[in-house]
Amino acid sequence: MLTIDWLRRLCGLPEGGGGLFVSGGSLANLTTLAVARERLPEDDWPRAVLYCSDQTHSSVDRAARTLGIVGGRFRRLVTDAGQRLDPRPLTEAIRADRAVGLLPLAVIANAGTTNTGAVDPLVELANLCAKEDLWFHVDGAYATAAVISSRAAPLLAGLDRADSLVLDPHKWLFQPYDIGCLLVRDAARLESAFAILPEYLRDIAAAAGEINYCDNGLELTRRFRALKLWMSFKVFGLAAFRAAIKRGIQLAETAGEILREAGCWEITSPAQLAVITFRHRATPADPAAAEEFHRHLLDAVVANDHSLVTGTALEGRPVLRLCTVNPRTTDADLRESLDRLGRLAETL
Ligand SMILES: Cc1ncc(COP(=O)(O)O)c(C=O)c1O
């Protein structure tokens with residue numbers, strides 16, 4: 001409870017909020033969306049609609065499927081040029097769905113997309129949700145932790161308006177797997193969504209005012225996930241986490257400078273929250289040829305055995321992606337890795 005409460009306060013959720021440690025972001029998204037669904041009477045669940053962007057993590061699709069929110073009722077909207085969810089088409093989609101008798105349930109915003117680190121306009125989306133009476137969920141599995149850094153906090157403004165949010169300590173709080181965390185604005189909603197007390201558990205029922213975390217989510221038997229996070233906050237102190245996150249943000253910016261200086265790279269999304277994407281100028285324009293070029297390049301990177309870069313796609317075209325969250329990476333490591341990458345690209 002103490003560790004959850006630290007995270008609640010760091011994210012700016014009010015007293016009365018609460019949360020749960022789970023295995024990771026996937027379970028956290030599923031759990032929070034199950035809580036959101038409780039806003040509707042069970043008979044209305046087949047008409048519930050979820051809204052998110054085309055950059056939303058696949059765990060949210062999976063959560064929606066698991067909850068039976070499928071087909072046209074899981075709406076992925078096309079993002080703007082900065083890979084952010086645009087509130088205008090979202091408002092239109094909500095109105096159109098209401099007009100045909102569907103029941104808009106929740107907006108899922110990104111606080112740091114996996115692909116590019118883009119943050120959806122959280123304040124505008126929170127305002128829209130308040131106006132339209134929708135649940136406001138924020139998936140910030142990797143980047144929400146950056147709220148503790150003064151460098152990133154302004155970018156994440158509006159996080160404190162979330163009805164629920166996801167933050168994975170096993171991502172940017174440097175914890176060993178598995179520890180994901182979900183937070184909700186109103187802790188009582190967890191228990192009302194999940195508590196079931198069969199006769200064989202009555203002996204261990206929570207006393208009045210006590211939290212029994214097995215009543216707050218999907219897992220009955222649970223491991224003591226809070227311990228490692230509690231211990232590392234105690235041992236290293238919050239200042240060490242702040243410095244490590246700031247370093248990750250700076251590293252992505254430094255990568256941007258190195259890529260620009262080299263002249264052979266096109267930056268496809270700028271450094272944001274420790275993620276930058278780019279492609280080599282020699283990448284073929286034809287999509288299939290570009291895929292092949294990238295596959296060969298990524299294979300060459302692995303064979304080179306020095307550093308790793310991952311691949312993804314933006315607007316249907318492959319890009320390279322650096323996620324610089326390791327604070328031990330030096331500027332020299334970064335320069336050497338990008339120099340090698342450029343040389344490998346030129347051999348293809
Ligand atoms: C934004 C986002 N949401 C959810 C997840 C899923 O988290 P996990 O792998 O811990 O289940 C990820 C994982 O990369 C993520 O980046």
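We count residues from 1, following the sequence as given. Just so you know, ligand 1 is whichever comes first in the structure, and atom 1 is the first atom listed for that ligand.
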Who pairs with H170 by ring-ring contact (aromatic ring centres under 6.0 Å, His included), at least two apart in sequence or on another chain? Y177
Any pair with a residue in residues 140-160 that passes ring-ring contact (aromatic ring centres under 6.0 Å, His included), sequence neighbours left out, goes on the list, sorted by first then second residue, please. Y142-W172
Using 30° and 60° as the class limits, which term best fits the ring planes of W265 and F278: parallel, tilted or perpendicular? perpendicular
Test side chain to side chain contact (heavy atoms under 4.5 Å, CB included) applied to E292 - qualifying residues, sequence neighbours left out: R295, H296
Going by atom types only, do T277 and T116 share a side-chain donor-acceptor pair under 3.5 Å? no
Taking any residue with a non-hydrogen atom under 4.0 angstrom from an atom of ligand 1, which ones do you get? G24, G25, S26, N29, H57, S59, T114, D139, A141, D168, H170, K171
Under-4.0 Å salt bridge between E257 and R335: no
